[in-house]
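Each chain gets a letter, A, B and so on, in the order its sequence line appears, and its residues count up from 1. What's counted below: heavy atoms across the whole structure, side chains too, no hydrogens, waters or symmetry copies.
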Amino acid sequence: MNPRDPLSRVLYIDLEHRRFWTRDRRDLFERWLGGTGVAIQLLKEELPRDADPLSPKNVIVFAVGPLTATYPFGSKTVAMFKSPLTGNLGESHAGGRSATSIRLAGYGAIVIKGASDTPIYLVVDESGAYFRDASALWGITSTLTVGRILREATLGQGYRSIMRIGRAGERLVRYAAVMTETYRHFGRLGLGAVFGSKKLKAIVIRGGGSVPIYDKREYREVYKQVFELAVKSDLMKKYHDLGTPMNILPLNKIGALPTRNLTSARFEEAEKISGERIAEEKLGRRLACSNCPIACIHLAALKEPYPDEPYFYKTTFISYDYEPIYALGTMLGISDIDGLLKLLDVVEVYGLDAMSTGVCLAWATEAFQRGIITRRETIVELKWGDYENYIKAAVNIVDQPNEFYEVLAKGVEKASERYGGREFALSFGGNEMPGYHTGYGAHIGFLIGSRHSHLDCAGYSLDQKLKEPLPPRELVERLIEEESWRQILSSLVVCFFARGIYKPEMVVKALKTLGYDYDVDGLRDLGREIYEEKQRLKHELGFKPEALRPPERVLETESPHGTLKIEYFDEALKVYREMLSRIISQG
Amino acid sequence: MNPVKRLEIVDPERCVGCQLCMYACERRFGDAGFARSAILVRSVGGVERGFTVIVCRACQDPPCAKVCPTGALTPRDGGGVTLNPSKCIGCGFCVESCPIGAIFWNYEVNKPIICTYCGYCVEFCPHGVLRLGEVKGE
Ligand code: SF4
Ligand code: SF4
């Protein structure tokens, strides 16, 4: 790497003693690139393996990489921590301005340790971290308000990032999110609760500096090539025009859109909440992460009349994406656009992860219908499509007025262990299901992916490309190969949507201008090594692959590849466990 | 004589806040980031309200040149200014005099950053917000 690149500077912050220091970790960045690759190593160094995720012993790592702020799509931050939802490795990625601010403040990673005993927020800039009192911000209902206050209270308009939690994080909902720039999230696996447990309300990162480039002339050239590929690709058009919700109709058509707690994979009213429909009726603005030409972030403008005054309206901007529409729309049988948007808004305002919240509420609705739980537990009646009550229930997950909501705030697995209904609790390795019932690739991907996320290995995309399912062994190999390559993308760190542009050859070229000497094989090997390091860390954190199994519901509801067979899962999981034990014994 | 160029904001409502223009401006020097960028895109009080693009508009009678005590900033024929860095003493009067806030500061050398109306950023705005226009004589 370029010896003048500040990427290797790591900022360590100790919340307990209110101290910070920086260290040059060229050793790690030379060996593991950045992002995921480096975050794993930092977590290995800092995290006591038996740490309770909500205790001061948990550690949060934010990491960026060589392509952050230097190349288009280098816009994502990797967060790594111990997840309070699964009890194992937590990893979540977010864009906005978080990544470029960290990089342009002159850091490659930030490590946060310990806990504060009173609410605080951090301001980070090139000179280090400032500890500021957040007592006045604690308990504010809306994350949007918190953002507004911090915007006024801190400098750096245009080149800062404001990460914050909402009430869900303060109340330790195990799937609370951290929001950044209002509409982007470290959504999954409960980083918000880890912030909450550390009494860390927000982090403002100010970064207006620059990164000296190794080969300046070539850099300008390669940048231009990437840029041109991006603006000419269909990718650009697709994600810019409709964004991820463009997937609603095609997935519904093939019968892969989980609906009403996956009692069906088709939503008869999908049309009403499709990407096309929302864009036509509500689209108010498009946004981009810093450094991204596409602008896939879509905001709906919801105009609501005030009940007490005629001709007086308020307009709320609400971001929408495929996954939240699935989790809070089709999974709950909601087809009323305004109702759906209001529910999305509440989830955003309170700082919940949309996907986990939707899956938990979908399970609760089915359990309620079957009489496993009653109004005594749910307080409000849960009925498919009744968004008003779902809004109340979502708020209850945060407020936890009774034992039921306390348990539901721990995730669908815990709730179904306590109340029953495990067969229809859509949990994979303790994480709530993403919105794809495309076939074996998707579900096995959720099970074996390191984050139990559809983004780990994109099995949903493989399913849609294949006419016939692959043999289990081949499927597992393909998924792991994809996940291994994605370790490179998330170490660079580039947005996964740009994976079609950052083919191995292009990555080699881009890295060369930054002073790295890799070839395609070398990169692929590194991807596998990072994957293996991650599996070893998961193992040390107590990961039990033998406990993995698909929820029964997945085997009942027909998928585009027909009814999925448990024998196939058993075989695939066996192959996976073999691979895993080989990796672990090599460590 | 070639017509004098200046940067124009076609429609800030189309701006998505990607900041590619800011990165492009820094890339004039072959580097990445914002430290020497002469253009700033920031939200209008929260991203949901949209963005404002701040860049030198090449005034006919530039106030920055008037307050420069050393003559480092001189009016350009047709509008805008040029900076002679060797004359600049880093006082920052120009920054304060610009009512639109379009003069930024290069902390490394302690001198202002002045748009050179080169149009490099325009090539990288994917959403048609920026244009290199000609200054019309008055
Ligand atoms: S015209 Fe040139 S100097 Fe001015 S903002 Fe654009 S890239 Fe920078
Ligand atoms: S490149 Fe264009 S769309 Fe992007 S921030 Fe600049 S003006 Fe806005």
### Query
Can you find a heavy atom in the side chain of B:Leu20 that is under 4.5 Å from one in the side chain of A:Tyr223?
yes
#### Entry: Rounded distance [0.5 Å steps], OH in A:Tyr214 versus CG in B:Asp31
14.5 Å
### Task
Taking the side chain as every heavy atom from C-beta outward, state whether B:Glu48 and A:Leu299 have any pair of such atoms under 4.5 Å apart.
yes
### Task
Please look at A:Arg285 and chain B and tell me whether the side chain, the backbone, both or neither of the residue comes under 4.5 angstrom of a heavy atom of that chain.
side chain
#### Entry: Which portion of A:Ile294 sits near chain B, non-hydrogen atoms under 4.5 angstrom
backbone
### side-chain contact (heavy atoms from CB on, under 4.5 Å), paired with A:Pro293, selected from B:Cys18, B:Cys125, B:Pro126
B:Pro126
### Portion of B:Glu108 that has a non-hydrogen atom of chain A nearer than 4.5 angstrom
neither
### chain B contact via A:Tyr71 - which portion, at a heavy-atom distance below 4.5 Å
neither
### Message
Once rounded to the nearest 0.5 Å, what's the spacing between atom CZ of A:Arg220 and atom CZ of B:Phe29?
### Response
10.0 Å
### Summary
Interatomic distance, CZ@B:Arg42 vs CZ@A:Arg97, rounded to 0.5 Å, equals 10.5 Å
### Task
Name the region of B:Glu26, side chain, backbone, both or neither, that has any atom closer than 4.5 Å to a heavy atom of chain A.
side chain
### Residue list, salt bridge (Lys or Arg N to Asp or Glu O under 4.0 Å) with A:Lys512, at least two apart or on another chain
none
### Query
For A:Leu287, is it the side chain, the backbone, both, or neither that has a heavy atom closer than 4.5 Å to a heavy atom of chain B?
both
#### Entry: Geometric class of the B:His127/A:His240 ring pair [parallel <30°, tilted 30-60°, perpendicular >60°]
parallel
### Message
We want to know whether B:Tyr23 and A:Ser290 form a side-chain donor-acceptor pair, criterion being a heavy-atom distance below 3.5 angstrom.
### Response
yes
#### Entry: Contact listing (chain B partner; residues 147-154 of chain A; heavy atom under 4.5 Å)
A:Arg148, A:Arg151
### Message
For B:Tyr120, which atoms come within 4.5 Å of any heavy atom of chain A: side chain, backbone, both, or neither?
### Response
side chain
